[in-house]
J.: 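One structure is given below, represented as structure tokens, and several questions about it will come after.
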Number of protein chains: 2
Amino acid sequence: MAQGPTITTIAERAGVSIASVSRVLNGLPTRQETVRKVMAAAEELGYVRNAVARSLKSRRTHQVAFAMADVGNPAYLAMLREIQPVLKAAGYRLVLHSTGAVVADEIDVLHSLGERYVDGMIMVPLRVTEAHLQMLGAARAPVVVIGSVPEGTPVDNVRADSRTGVRLAVDHLHALGRRRIALVNGPTDTVPGAARGAAYREALAERGLPYDEELVEIGDFYRAEGARAVAALLNRVSDVDALMCANDLIALGALDVLRAAGKRVPEDVAVVGMDDTDLAAASWPSLTSVSLGSAERGRVAAELLLDRLQDGEHEPRVVTVPPRLVVRASTTPEPPAVRDVTQAAVRDVTHAVGPADTQSRSTEGTEGTEGGGTS
Amino acid sequence: MAQGPTITTIAERAGVSIASVSRVLNGLPTRQETVRKVMAAAEELGYVRNAVARSLKSRRTHQVAFAMADVGNPAYLAMLREIQPVLKAAGYRLVLHSTGAVVADEIDVLHSLGERYVDGMIMVPLRVTEAHLQMLGAARAPVVVIGSVPEGTPVDNVRADSRTGVRLAVDHLHALGRRRIALVNGPTDTVPGAARGAAYREALAERGLPYDEELVEIGDFYRAEGARAVAALLNRVSDVDALMCANDLIALGALDVLRAAGKRVPEDVAVVGMDDTDLAAASWPSLTSVSLGSAERGRVAAELLLDRLQDGEHEPRVVTVPPRLVVRASTTPEPPAVRDVTQAAVRDVTHAVGPADTQSRSTEGTEGTEGGGTS
DNA sequence: CGAAACACCGTAAACGTTTACAGACTCTTG
DNA sequence: CAAGAGTCTGTAAACGTTTACGGTGTTTCG
């Protein structure tokens, strides 16, 4: 409460100048006797450096911002979980911006960089508009963008590869003998929706499967919407043997409907989700899912930013993180028999989980996308 | 990049003093002509206020810290999701501290309040030690603690009520006719573990059920551990008809084992989880779970802190958030028949879900506990 | 013994704001 | 027209640091 002690207070108490106090506190060469006096005074007074004054003078805040649409989104959360420790280890605090679905808010956040309350920023834009590019060009501090940004944009860039991701899934299903592979997508006017739709067509073509419009259903990236979409799909075509879902929630909705319709998963219909969220491991049957490497993208972004903060003037870097297919029960049949219940139970827990009261820290992967589009 | 413009730059450009510039920018009464000139200059130069200098002078950072053990933990995440918008609406930025399982780090974070880089802090301590209480007493900025703190501690305090929570669950199971209700707990040397163990005994007593040591199994708060514990339990006693699990992950492990053992849920064994995480709605069967109101505790904490930041000198407040039982399929039989698949599929999606690529923002409830104990 | 070299320390300026105070100007009024 | 009131603006100090610079005192060496 009481006005905390400053270096002036210490200087008086120790009978030295504020310059000496500062030098001692910063470990600059000083006579032993002075060091002792200053340390003693600081100790007694319970002195703590004022970060604000320090930042003003040094032009370094030791803070970094992470801006995304919604902390509740597992993809962003996965990034955050990786970003946080990297920054912390480097002595940076993390300022969180959850902008919501409003694109204008992202521009605001970029603009606020001018306030210089952070040394740099990691941003996951919902969409990359003209305004974004303009602000990125004029940004007053280094920015790392997670999600693709056009060549030549003067920022470090970490990308996912949903194209390859979808291909991994389709190849997997194809290898399992599935030939009527449907796509349950989200809105195609979102970045991930569009990318996944296109990738699906390509992947089919590569495998020599025909593209059948009947097999594509558009819903939204929610469980209930996914369920509706799958119900509609099943009413229309009866011989579907695999569902490629554009995210895990849609896939959960698909499982709901398939179960209700009496179809066995994966025997009758195989299901693949996308983003490899915690939900994928929790569902029954557990969900095969494509990880677009959110966690790793977060880590890489943090590292790129730290590099940039140290060095500053190298060329912008672009890193693409490869996707990964995590195979679980929704595409491969259960192991024949169950010997030991304990063993069986633990079987498909692919994720390590953390401290009390809940799970935490899945070591790798989850959702991922360039953007996040909201209808 | 280039050294951004300051009020001095503007003053020169507009031909006025820096005091006038400051006045204009802060909307203090000024001649119209001056306002025009300053605004024009600011506009042309793309001026943005320097938050650091501003904070130094005004002694307000407009930043608030949220400190907890692990962002990946759904309980903390639920809090964060509520805290963030409340603070944002009030014009505060959010600084995130994920301390990890190390108690000493929490003390460090409290100590760092002295650096004055935030105006206040919301903390969810893992445990409340003597050191905590001491630091809280001497804190240089207002702190709101989520999790019980002794009477007389000079901070605002938001509490959960896991006792009542467990009672709700036991009453529910009892009402369903279950009489052999087992407890699958986490380590009893953690705050939640201890609280839940005690509450279980009490709740049984209230219902006139005997406390049977055979029915209590201790594991850890993870899925695999939960599975092991339940397997051990089933090997020991055969007539269990309900499992009260100390968190949702344990409950998921329980479902795994019960399925493998050929027991039907809920017909043979009913299962209740705790914390009401997103996983509860995602599992199959969906999981009845006790919400300790993490989301609401977060919101309340944020509001208490804002009050404190405005007013400052009122008495510490204590708020207890009531638990809530969210009933799903793991305790109540499925509805008899499925008419409309769509309908059926959407049936137990109790949580609203958010934008693209994943779920988000469950409107209410999730885990909760006073602490978080890690083994 | 005087000067040069050196170690240590204090004075003061700077970082970019906000704000108390007083000066300058305009306007009103007797 | 002089004086007083009122309006606007500029000067300067302050917030709590860091750091360039120069001063003092001690040591070293010719």
Side-chain angles (χ1 to χ4, degrees), chain A residues 2-39 41-42 45-63 91 112-119 140-141, chain B residues 2-39 41-42 45-63 91 112-119 140-141:
Chain A
Q3 201 69 289
T6 70
I7 52 170
T8 308
T9 329
I10 297 185
E12 284 165 4
R13 166 83 79 125
V16 299
S17 73
I18 60 166
S20 289
V21 176
S22 177
R23 275 188 289 259
V24 170
L25 294 175
N26 290 310
L28 298 176
T30 315
R31 190 162 49 126
Q32 207 46 42
E33 168 66 4
T34 311
V35 172
R36 209 188 42 67
K37 283 191 296 187
V38 169
M39 287 313 219
L45 293 168
Y47 172 78
V48 183
R49 264 199 199 83
N50 183 308
V52 178
R54 188 159 227 250
S55 297
L56 178 58
K57 183 67 196 171
S58 67
R59 292 151 169 287
R60 281 277 180 159
T61 60
H62 295 282
Q63 294 191 155
S112 77
L113 275 182
E115 294 180 26
R116 308 208 145 278
Y117 61 95
V118 287
D119 296 339
R140 293 260 168 76
Chain B
Q3 201 71 287
T6 71
I7 52 171
T8 308
T9 330
I10 297 185
E12 284 164 5
R13 166 82 80 125
V16 299
S17 75
I18 61 166
S20 289
V21 175
S22 177
R23 275 187 290 258
V24 170
L25 294 175
N26 289 312
L28 297 176
T30 316
R31 193 163 46 125
Q32 208 45 44
E33 170 66 5
T34 311
V35 172
R36 210 187 42 67
K37 283 190 296 187
V38 169
M39 286 313 217
L45 293 168
Y47 172 79
V48 183
R49 262 200 201 82
N50 183 308
V52 177
R54 189 159 226 251
S55 296
L56 179 57
K57 183 64 195 175
S58 67
R59 293 152 168 288
R60 282 276 179 159
T61 60
H62 296 280
Q63 294 191 157
S112 77
L113 275 183
E115 295 179 25
R116 309 208 145 276
Y117 61 95
V118 287
D119 297 337
R140 294 258 168 78

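First the proteins, then the strands, lettered A, B, ... as listed; each starts at 1. Keep in mind that this is a model prediction, so the values were computed, not measured. Below, each value reflects all heavy atoms present in this structure, side chains not excepted, and no hydrogens, waters or symmetry copies.
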J.: Could you measure the distance from the NZ atom of A/K57 to the CG atom of B/L56? Nearest 0.5 Å is fine.
T.: 12.0 Å
J.: Could you state the CZ-P distance from A/R36 to C/dC8, rounded to the nearest angstrom?
T.: 16 Å
J.: If only side-chain N and O atoms count, and only distance matters, is there a donor-acceptor pair under 3.5 Å linking B/S112 with B/Y117?
T.: yes
J.: Examine the base of C/dG10 for any acceptor or donor lying under 3.5 Å from a partner atom in the side chain of A/R23, and report the outcome as yes or no.
T.: yes
J.: Taking only side-chain nitrogens and oxygens of B/R31, does any of them come within less than 4.0 Å of OP1 or OP2 of D/dT9?
T.: yes
J.: Rounded off to whole Å, could you give me the CG-to-P distance for the A/L28 and C/dG10 pair?
T.: 14 Å
J.: Which sits closer to the 5' end of DNA chain D, B/A53 or B/A19, going by the nucleotide each is nearest to?
T.: B/A19
J.: May I ask you to evaluate whether B/S17 reaches the phosphate of D/dG10, defined as a side-chain N or O under 4.0 Å from OP1 or OP2?
T.: yes
J.: How bent is the helix from C/dC1-D/dG30 to C/dG30-D/dC1, measuring the angle between the end axes built from five pairs each, rounded to 10°?
T.: 70°
J.: Base, sugar-phosphate or nothing for A/T30? Non-hydrogen atoms, less than 4.0 Å.
T.: sugar-phosphate
J.: For the residue pair A/V24 and A/V21, establish whether any side-chain heavy-atom pair is separated by less than 4.5 Å.
T.: no
J.: Measure the CZ-OG distance between B/R49 and B/S55 for me, rounded to the nearest 0.5 Å.
T.: 11.5 Å
J.: Taking OP1 and OP2 of C/dT18, is either one under 4.0 Å from a side-chain nitrogen or oxygen of B/R54?
T.: yes
J.: Tell me whether A/E33 at atom CD has more than 12 heavy atoms from other residues, nucleotides or ligands lying less than 6.0 Å away.
T.: yes
J.: Would you mind reading off the distance between B/N50 atom CG and C/dC15 atom P, rounded to a whole angstrom?
T.: 12 Å
J.: Would you mind telling me which residue lines up with the more 5' stretch of DNA chain C, A/P29 or A/I18, judged by nearest nucleotide?
T.: A/P29
J.: Compare the minimum distances between each of D/dG16, C/dT17, D/dG10 and the side chain of A/T6, then state the nucleotide with the smallest one.
T.: D/dG16
J.: Rounded to the nearest angstrom, tell me the gap between atom CZ in A/R59 and atom C1' in D/dT19.
T.: 14 Å
J.: Which listed nucleotide (C/dG16, D/dG10, D/dC8) is nearest to the side chain of A/L56?
T.: C/dG16
J.: When rounded to the nearest 0.5 angstrom, what is the spacing between CD in A/E115 and NE2 in B/H62?
T.: 10.0 Å
J.: Please report the distance, rounded to the nearest Å, between CD in B/E12 and P in C/dG16.
T.: 12 Å
J.: C/dT18, C/dG10, D/dG10: which one has an atom nearest the side-chain heavy atoms of A/S20?
T.: C/dG10
J.: Side-chain contact, heavy-atom cut-off 4.5 Å: A/D119 with A/Q63?
T.: no
J.: The test is side-chain contact (heavy atoms from CB on, under 4.5 Å); show your working for B/I10 and B/L45 and say whether it passes.
T.: CA-CA 8 Å; B/I10 297 185; B/L45 293 168; 4.0 Å; yes
J.: Round to a whole Å and report the spacing from CG of B/N26 to C1' of C/dT19.
T.: 10 Å
J.: NZ of A/K57 versus P of D/dA14: gap in Å, rounded?
T.: 18 Å
J.: Closer than 4.0 Å, any side-chain N/O of A/Y117 to the OP1 or OP2 of C/dG16?
T.: no
J.: Can you check the A/I7 CD1 to C/dA12 P distance for me, whole Å?
T.: 15 Å
J.: Answer with base, sugar-phosphate or nothing: what part of the nucleic acid does A/V16 contact at a heavy-atom distance below 4.0 Å?
T.: sugar-phosphate
